[in-house]
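Working notes, structure below.
Given the structure is predicted, the values throughout are model-derived calculations rather than measurements. Note on naming: letters A, B, ... go to the chains in the order of the sequence lines (proteins, then strands), and numbering restarts at 1 for each one. Heavy-atom basis, side chains included; hydrogens, waters and symmetry copies ignored.
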2 protein chains.
Amino acid sequence: MNLDKLKISQVAKAANVNVETVKYYVKRGLLSKPERNRAGYRLFSKSVIDDILLIKKAQEIGFTLNEIKHLLALIKQDDYFPTDAMYTFAMDKIKDINDTISRLEQFRSLLELAASQASQPFPRSKRDCPVLNKIRKG
Amino acid sequence: MNLDKLKISQVAKAANVNVETVKYYVKRGLLSKPERNRAGYRLFSKSVIDDILLIKKAQEIGFTLNEIKHLLALIKQDDYFPTDAMYTFAMDKIKDINDTISRLEQFRSLLELAASQASQPFPRSKRDCPVLNKIRKG
DNA sequence: GTAAACCCGGTACCATAATACCGGGTCAAG
DNA sequence: CTTGACCCGGTATTATGGTACCGGGTTTAC
């Protein structure tokens with residue numbers, strides 16, 4: 001009886017999330033409402049698996065579910081008509097990503113300093129700790 | 001009556017956070033418990049301002065309050081004795097940061113592609129959208 | 001034909017990171 | 001000596017992103 005459609009647990013398993021999470025994404029509007037069979041069971045098309053994987057990927061890099069909803073909405077227009085909205089959205093997000101990368105690189109260099117200090121034999125006063133001083137000044 | 005000590009609202013204002021947030025950070029153990037005057041008012045030393053700014057900075061780049069608590073605890077030992085714990089912590093965090101940067105760069109290139117597509121005059125089918133295909137494959 | 005495994009919608013709960021609100025105490029200015 | 005700005009601790013509420021549990025219906029396998 002599988003006309004190329006998946007029940008919720010099959011989707012969940014394939015995308016490595018909980019059944020509840022799939023329900024939740026539908027409720028939040030990230031995934032569109034699935035068909036139902038006679039018994040009321042949700043029947044998803046296979047593509048939702050990729051959608052969920054995309055959600056997870058985007059989440060990892062700091063997008064909120066609302067942003068991802070926006071992203072998916074743009075992506076899933078029936079035809080791919082690149083719009084100003086798409087361009088603006090992409091540009092905004094690129095800027096955000098660049099800012100985040102800068103902050104991460106900055107912090108990483110502080111941690112690298114900390115790590116290199118950690119291999120020095122002589123303890124020193126906090127006041128002389130270059131890591132601390134740099135962190136404090138940003 | 002200001003013996004170099006700040007009341008909570010002065011701290012909050014200087015660090016650009018709410019009074020409640022300062023209380024909250026103390027409760028969470030990120031900031032140490034301040035002295036009290038006769039009336040029970042909290043009296044903070046000026047250095048908490050920098051501590052709060054550090055918290056905010058670390059938060060921006062994705063550290064949780066618990067991680068920041070850990071970080072601050074290491075930083076604020078009475079003397080700066082770099083320990084294995086410090087080294088391990090720093091190394092772990094550097095690895096996390098590198099992973100995050102990679103993911104961000106990956107996603108950024110997808111967005112760049114999206115943006116460049118958005119400047120093309122001819123609409124095309126979703127199936128031909130390189131952005132979509134790349135996002136989907138990760 | 002019945003038991004296990006699945007599905008339903010709904011509600012409740014969890015952690016994180018705050019923010020809001022409360023009645024009541026304190027303090028400094030006029 | 002009162003008014004307003006501040007402070008106290010405590011509780012409640014918010015938003016986000018889920019997870020857990022519920023009674024009851026369905027489907028599958030033996």
Protein-nucleotide distance ([X], atom [atom1]; [N], atom [atom2]), rounded to Å:
X        : N       : atom1 : atom2 : value
Arg38(B) : dC7(D)  : CZ    : P     : 17 Å
Asn18(B) : dA20(C) : CG    : P     : 6 Å
Leu31(A) : dG18(D) : CG    : C1'   : 14 Å
Arg42(B) : dC8(D)  : CZ    : C1'   : 7 Å
Ile52(B) : dA18(C) : CD1   : P     : 11 Å
Lys13(A) : dC7(C)  : NZ    : P     : 11 Å
Phe44(B) : dC6(D)  : CZ    : P     : 16 Å
Glu35(A) : dC7(C)  : CD    : C1'   : 16 Å

Inset, instruction - Kindly say if Arg36(B) contacts the phosphate of dG9(D), meaning a side-chain N or O under 4.0 Å from OP1 or OP2. - result: yes

Inset, instruction - Name all residues meeting the side-chain hydrogen bond (donor to acceptor under 3.5 Å, both in side chains) criterion together with Asn98(B); count only those two or more places apart in sequence or in a different chain, and write none if there are none. - result: Arg108(A)

Legend entry - Lys5(B) vs Glu35(B), salt bridge (charged side-chain N to carboxylate O under 4.0 Å, His left out): CA-CA, chis, key distance, verdict: CA-CA 9 Å; Lys5(B) 293 290 182 175; Glu35(B) 298 172 37; 2.9 Å; yes

Inset, instruction - Only counting residues at least two apart or in another chain, list the ones meeting salt bridge (charged side-chain N to carboxylate O under 4.0 Å, His left out) with Lys95(B). - result: Asp99(B)

Inset, instruction - Could you list the residues that satisfy salt bridge (charged side-chain N to carboxylate O under 4.0 Å, His left out) with Lys56(A), not counting sequence neighbours? - result: none

Inset, instruction - Look up atom OG1 in Thr64(A) and atom NZ in Lys69(A), then write down how far apart they are to the nearest 0.5 Å. - result: 11.0 Å

Inset, instruction - Please round to the nearest 0.5 Å and tell me the distance separating atom CD1 of Ile49(B) and atom CG of Leu31(B). - result: 11.0 Å

Inset, instruction - Give a yes or no answer on whether the side chain of Glu105(B) reaches the backbone of Ser102(B) with a donor-acceptor pair at less than 3.5 Å. - result: no

Legend entry - Closest non-hydrogen atom pair, Ser9(A) against Val19(A): CA-CG2, 3.9 Å

Polar atom pairs between nucleotides 10-15 of chain C and protein, under 3.5 Å, N or O only, would you list them?
none

Inset, instruction - Using a 4.5 Å cut-off on heavy atoms from C-beta on, say whether the side chain of Tyr25(B) contacts that of Val48(B). - result: no

Legend entry - Cluster overlap Ile52(B) with Leu43(B), hydrophobic side-chain contacts below 4.5 Å: no

Legend entry - Single-linkage hydrophobic cluster Val17(A)~Val11(A), side-chain heavy atoms < 4.5 angstrom: yes

Taking only nitrogen or oxygen atoms into account, show me every contact under 3.5 Å that the protein makes with nucleotides 3-6 of chain C, one pair per line with its distance.
none

Scan nucleotides 15-17 of chain D against the protein and return all N/O pairs shorter than 3.5 Å with their distances rounded to 0.1 Å.
| residue | atom | partner | partner atom | Å |
| --- | --- | --- | --- | --- |
| dG17(D) | OP1 | Leu65(A) | N | 3.3 |
| dG17(D) | OP2 | Arg28(A) | NH2 | 3.4 |

